[in-house]
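These notes concern the structure reproduced below.
FYI, the numbering just counts along the sequence from 1. All ligand and atom numbering here is 1-based and tracks the order in the structure. Note that the coordinates shown come from a computational prediction; the quantities given were computed from them, not determined experimentally.
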Amino acid sequence: NGKKNKKNSIQFYSQSMKDASHHIIIIEQELRQAIKNNEFELYLQPIIDIKTNCINKAEALIRWNHPVKGLINPDDFIPVAERSGLIIAIGEWVISRSCQIAKEISELGFNIKISMNLSPSQVADDSLFSYLSACIYDNEINPCLLELEVTEDVLVDDYSVAEKLLSKARTIGMSVSVDDFGTGYSSLSYLKKLPLDYLKIDRTFIKEIVADDNDKAIVRAVIAMAHNLNLCVTAEGVETQEQLSFLVDNACNSVQGYMFSRPINVDYFIKLLNEQSL
Ligand code: C2E
Ligand code: MG
Ligand code: MG
Ligand code: MG
């Protein structure tokens, strides 16, 4: 009868909630181990300058080599790390490893920027800048080889905190980009106030750009606006020649996507750089 079903459905619901929170607790414990055991790896995805058709930057994207579950993508653990506070330790590892990579690549004679993603709580962390400066100093790299990616939400959540960090970073020569541009719930007012260098147009706008006139209009408008604000534009998620042609025709500055390369390990990235310079 109805009453019984209702009771069962409530039990079922609370059981699935229990499972979900249990799942998160397990990931959290495993993440603590992963930090201790150094189970993370940074992959690099090439970013190509449209004018020169050469790689001039790479985005650092974290991967977790889980001892049992294998390679885990960031969308499956970064949100847990963010909520549990573990993102601070993981983020510090990302910064330190990115600086090592920037050093290795520059010592090979390449002029390639490494771009890192920052989570909201990292941006809010008072010690982030001194940690970053120490890594730059230890690795003896030029800060202009580093870039910080923040999402619109970060810029709006705590505007003055973000402003402080980003202007300090830019003062020493780093660049700053707005990631996933167009997907946040923010007004555009931060664009005139914040120190920025790049807008990265989210791949949801690029996906249907060949068929969808609205996406075409949005991407054209974003590029025009960015250029008027003296910002450069990177398109994310470029997978086809047709998408690339549209972006070239509309003066987009750089592109990133599976058409050129998936995120790859550092050795393979260096191989690509060597092939490119032949
Ligand atoms: P994101 O910063 O927007 O990074 C771009 C994502 O799009 C990457 O996914 C990349 O593999 C994927 N992508 C690039 N080109 C294409 C394409 O042509 N087609 C498709 N379908 N996808 C493409 P990934 O590596 O799984 O990272 C997902 C998100 O996880 C990142 O989005 C970023 O928000 C976060 N993340 C990654 N590494 C870190 C990190 O070190 N720290 C923090 N805080 N977040 C990170
Ligand atoms: Mg990013
Ligand atoms: Mg993005
Ligand atoms: Mg994203």
So, regarding [X] and ligand 1 (criterion: nitrogen or oxygen to nitrogen or oxygen, under 3.5 Å), is there a contact or not?
X: Ala60; result: no
X: Arg203; result: yes
X: Tyr258; result: yes

For residues 51-59, run the donor-acceptor check on the side chains, cut-off 3.5 Å, and write out each pair with its distance to 0.1 Å, sequence neighbours left out.
from  : atom 1 : to     : atom 2 : distance (Å)
Thr52 : OG1    : Asp49  : OD1    : 3.4
Thr52 : OG1    : Cys54  : N      : 3.2
Lys57 : NZ     : Glu147 : OE1    : 2.8
Lys57 : NZ     : Glu147 : OE2    : 3.2
Glu59 : OE1    : Lys200 : NZ     : 2.9
Glu59 : OE1    : Gln256 : NE2    : 2.8
Glu59 : OE2    : Asn117 : ND2    : 2.8

Parallel under 30°, tilted from 30 to 60°, perpendicular over 60°: which one fits the rings of Phe77 and Trp64?
->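 If you compare the ring of Phe77 with that of Trp64, the planes turn out perpendicular.
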
Of all the N, O or S atoms in Asp180, which one sits nearest to the Mg ion (ligand 3)?
->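 Asp180's closest N, O or S atom to the Mg ion (ligand 3) is named OD1.
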
In this structure, which one of Leu155, Thr171, Val123, Val161 forms a side-chain contact (heavy atoms from CB on, under 4.5 Å) with Leu166?
->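 Filter result, single survivor: Leu155.
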
What are the atoms of ligand 1, with element, lying closer than 4.0 Å to any heavy atom of [X]?
X: Val94; value: 41 (O)
X: Asp180; value: 3 (O)
X: Asp75; value: 28 (C), 29 (C), 30 (O)
X: Pro263; value: 11 (O)

Region of Asp179 that comes within reach of ligand 1 [heavy atoms, distance under 4.0 Å] =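 Contact part for Asp179 vs ligand 1: side chain (C-beta onward).
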
Part of Glu59 within contact of ligand 1 (heavy atoms, under 4.0 Å) |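 Within the 4.0 Å criterion, Glu59 contacts ligand 1 through side-chain atoms alone.
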
Got a donor-acceptor contact below 3.5 angstrom from the Glu149 side chain to the Ser177 backbone?
->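 No, Glu149 side chain to Ser177 backbone: no donor-acceptor pair under 3.5 Å.
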
Using atom types as modelled and distance alone, determine if a side-chain donor or acceptor of Glu92 lies under 3.5 Å from a backbone N or O of Ala89.
->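 No.
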
Should [X] and [Y] count as an ion pair when the cut-off is N to O under 4.0 Å?
X: Asp197; Y: Arg170; answer: yes
X: Arg203; Y: Glu239; answer: no
X: Glu275; Y: Lys271; answer: no

The Mg ion (ligand 2) to nearest N/O/S of Asn117 less than 2.8 Å =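 For Asn117, the answer is yes, given that an N, O or S atom comes within less than 2.8 Å of the Mg ion (ligand 2).
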
Hey, is Gln122 one of the residues with a heavy atom under 4.0 angstrom from ligand 1?
->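 Under 4.0 Å: yes for Gln122.
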
Is ligand 1 less than 4.0 angstrom away from at least one heavy atom of Arg63?
->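 Right, Arg63 reaches ligand 1.
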
Check whether any N, O or S atom of Glu236 sits under 2.8 Å from the Mg ion (ligand 3).
->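 Yes, since at least one N, O or S atom of Glu236 sits under 2.8 Å from the Mg ion (ligand 3).
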
Would you say the side chains of Gln100 and Arg97 form a donor-acceptor pair under 3.5 Å?
->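 Gln100 vs Arg97: donor-acceptor pair found between side chains.
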
Do you see a donor-acceptor pair shorter than 3.5 Å between the side chains of Glu82 and Ser121?
->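 Yes.
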
Any idea which of Ser98, Ser119, Gly257, Pro74 brings a heavy atom closest to atom 44 (N) of ligand 1?
->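 Checking each option, the heavy atom nearest atom 44 (N) of ligand 1 is found in Ser119.
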
Option of least heavy-atom distance to atom 15 (N) of ligand 1 (set: Met259, Gln45, Glu236) =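 Going through Met259, Gln45, Glu236 one by one, Gln45 has the nearest heavy atom to atom 15 (N) of ligand 1.
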
Nonpolar side-chain network containing Tyr43, other nodes, edges under 4.5 Å =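 Leu71, all in the cluster of Tyr43.
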
Opening angle between OE2 in Glu59 and OD2 in Asp179, taken at the Mg ion (ligand 2), to 10 degrees =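 That angle is 180°.
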
Name of the Glu149 N, O or S atom nearest the Mg ion (ligand 2)?
->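 Result: OE1.
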
